[in-house]
Amino acid sequence: MNSVPLLDLKAQYATIREEVRAAVDRVLESQYFILGPEVEALEAEVAAYCHCRYGIGVSSGSDALLVALMAIDLQPGEEVITTPYTFFATAGAIVRLGGKPVFVDIDPHTYNLNPAALAAAVTPRTRAILPIHLYGQMADMDPVMAVAERHGLYVIEDAAQAIGAEYKGRRAGSIGHLGCFSFFPSKNLGGIGDGGMVTTNDPTLADKVRLLRGHGARPKYHHSVVGGNFRLDAIQAAVLRVKLPYLDGWTEARQRNADTYRRLFAESGLVAGERIVLPVDAGQGRHIYNQFVIRVEARDALIRHLKEQQIGTEVYYPLPMHQQVCFADWGLSAGTFPHSEAAAQETLALPIYPELNDAMLVQVVEGIARFYA
Ligand SMILES: *Cc1c(COP(=O)(O)O)cnc(C)c1O
């Protein structure tokens with residue numbers, strides 16, 4: 001039996017090996033490793049791809065969030081509204097600046113911020129809203145922007161899983177004041193190490209992010225503000241520039257895989273029996289399927305069964321932010337955000353990467369069907 005891994009980056013590398021090696025070689029020959037022309041070219045290309053005026057290359061998606069919050073001058077004690085069902089970096093960036101994450105629960109179907117819960121979470125201390133476009137589908141942005149405008153709040157999009165995703169024709173990272181992207185290798189556009197990007201249409205914010213990225217120095221060795229080292233490497237930029245022109249093709253392959261899963265699961269009868277809930281596409285734009293996350297009965301036993309069948313799965317994310325040990329001081333007990341907690345216990349990501357073939361998708365669905373048979 002062949003294995004079906006959750007993600008196979010070697011399969012992608014095999015299709016672009018020569019181009020990637022040439023790009024790395026170009027940087028090695030230039031001996032220009034930090035920022036510079038490769039990073040500037042990538043910034044322009046990613047900004048254009050995301051329908052934004054500015055892109056600022058940074059060291060990771062986590063640092064993109066951190067520097068975006070620094071750029072709006074988040075002060076200790078100020079609040080940022082977000083969801084507890086996300087990767088740690090979202091809440092971590094707020095806390096590192098002394099800010100306070102104020103959580104609202106997710107929509108149980110899309111796993112994104114439930115805008116109906118938003119207005120009630122705004123207080124006089126709220127500075128920003130930080131919606132996450134989870135798994136490749138954008139959050140419901142119209143009501144988010146409406147609440148932000150009504151209260152004079154910034155909106156920072158965590159678009160780490162959503163490069164190229166669209167909401168009513170507008171791209172991730174282009175609707176809020178700032179967009180934050182990750183080039184972690186497993187993201188849809190992944191580097192050969194850590195990397196990230198901040199996007200914006202606001203020239204003042206773009207300038208602020210640029211300044212903060214290099215320790216607030218302007219000119220060199222003269223510091224008007226305290227920033228950090230949030231710089232992007234030239235070698236990452238050069239590799240990402242090779243990959244960016246392929247991104248739409250890879251996204252289409254992910255969408256095809258999602259369609260195939262939907263057809264195979266429908267044929268299996270598992271969906272009708274409600275043993276499995278498939279990902280809900282809210283139908284408001286382009287879903288880029290960073291993950292294909294299903295909801296199942298007896299999840300942990302299914303994971304063990306699939307592991308025996310050599311089918312890779314992963315749980316994103318098993319513990320919501322309000323239940324993390326490092327945030328225990330807030331006293332947010334189990335039951336506070338029931339939709340996030342249920343998702344953490346019932347969801348499971350299946351292989352969706354572009355290079356999967358139909359036989360592999362059949363193997364995954366048949367493996368799951370055997371478990372419930
Ligand atoms: C990956 C990810 C990040 C962090 O990106 P890194 O590049 O790994 O630092 C932040 N938020 C979300 C939702 C992510 O998926």
Side-chain angles (χ1 to χ4, degrees), residues 6-7 9 39 42 46 50 55-70 80-97 99 101 103-104 106-107 110-113 128-139 141 144 155-165 172-173 176 178-199 209 213 228-233 235-237 239-240 243 254 279 287-293 314-321 324 340 343-344 347 349 352-353:
L6 181 73
L7 176 64
L9 289 173
V39 171
L42 179 75
V46 169
C50 296
I56 303 99
V58 294
S59 32
S60 67
S62 302
D63 284 344
L65 290 161
L66 186 64
V67 77
L69 289 164
M70 290 170 81
V80 179
I81 301 171
T82 188
T83 73
Y85 186 62
T86 177
F87 179 61
F88 183 79
T90 322
I94 300 165
V95 175
R96 280 179 67 185
L97 296 175
F103 296 121
V104 298
I106 52 169
D107 174 300
T110 63
Y111 308 115
N112 282 327
L113 187 149
I129 307 171
L130 211 174
I132 300 118
H133 306 316
L134 207 64
Y135 304 145
Q137 173 164 242
M138 286 182 68
M141 290 300 287
V144 169
V155 174
I156 298 173
E157 299 173 54
D158 185 340
Q161 300 183 8
I163 188 163
L178 294 147
C180 300
F181 294 87
S182 166
F183 303 129
F184 186 80
S186 68
K187 301 295 158 84
N188 288 33
L189 180 65
I192 54 170
D194 279 312
M197 183 83 62
V198 177
T199 55
V209 171
R213 172 178 68 177
N229 173 0
F230 305 126
R231 298 178 303 231
L232 181 64
D233 291 344
I235 223 157
Q236 297 304 333
V239 171
L240 291 162
K243 289 189 167 195
R254 285 172 182 271
H287 192 326
I288 63 153
Y289 288 100
N290 175 245
Q291 301 295 346
F292 188 88
V293 173
E314 182 71 66
V315 174
Y316 301 106
Y317 296 90
L319 196 61
M321 291 307 113
Q324 298 289 342
S340 295
T347 61
I352 189 73
Y353 62 92

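Indexing begins at 1, ligand by ligand and atom by atom, following the structure's order.
Considering only non-hydrogen protein atoms, atom 13 (C) of ligand 1 sits nearest to Asp158 OD2, 3.4 Å.
In this structure, the side chain of Asp63 does not engage the main chain of Gly196 through any donor-acceptor pair within 3.5 Å. Proximity of a side-chain donor or acceptor of Ser340 to a complementary backbone N or O of Pro320 within less than 3.5 Å is not detected. Side-chain atoms of Gln236 come within 3.5 Å of backbone atoms of Ile192 as a donor-acceptor pair (strictly under, hydrogens ignored).
Below 4.0 Å from some heavy atom of Phe87 lie the following atoms of ligand 1, by number and element: 2 (C), 3 (C), 4 (C), 10 (C), 12 (C), 14 (C). Close approach of ligand 1 to Ala160 is summarised as follows: ligand atoms under 4.0 Å from at least one heavy atom of the residue are 2 (C), 3 (C), 10 (C), 11 (N), 12 (C), 14 (C), 15 (O). Which parts of ligand 1 touch Gln161 is read off a 4.0 Å heavy-atom cut-off, strictly below it: atoms 13 (C), 14 (C), 15 (O).
Applying side chain to side chain contact (heavy atoms under 4.5 Å, CB included) to Val155 and the options Leu178, Ile81, Val144 leaves one that passes, Val144.
At least one N/O-N/O distance between Ser182 and ligand 1 falls below 3.5 Å. The shortest N or O to N or O distance between Leu65 and ligand 1 is not under 3.5 Å.
Nearest heavy atom pair, residue Ile106 against residue Ala343, reads CD1-CB, 4.1 Å.
The closest approach between a heavy atom of Lys187 and any atom of ligand 1 is below 4.0 Å.
No hydrogens or angles considered: a donor-acceptor pair under 3.5 Å links the side chains of Thr347 and Tyr85.
Within the 4.0 Å heavy-atom criterion, both parts of Ser62, backbone and side chain, lie near ligand 1.
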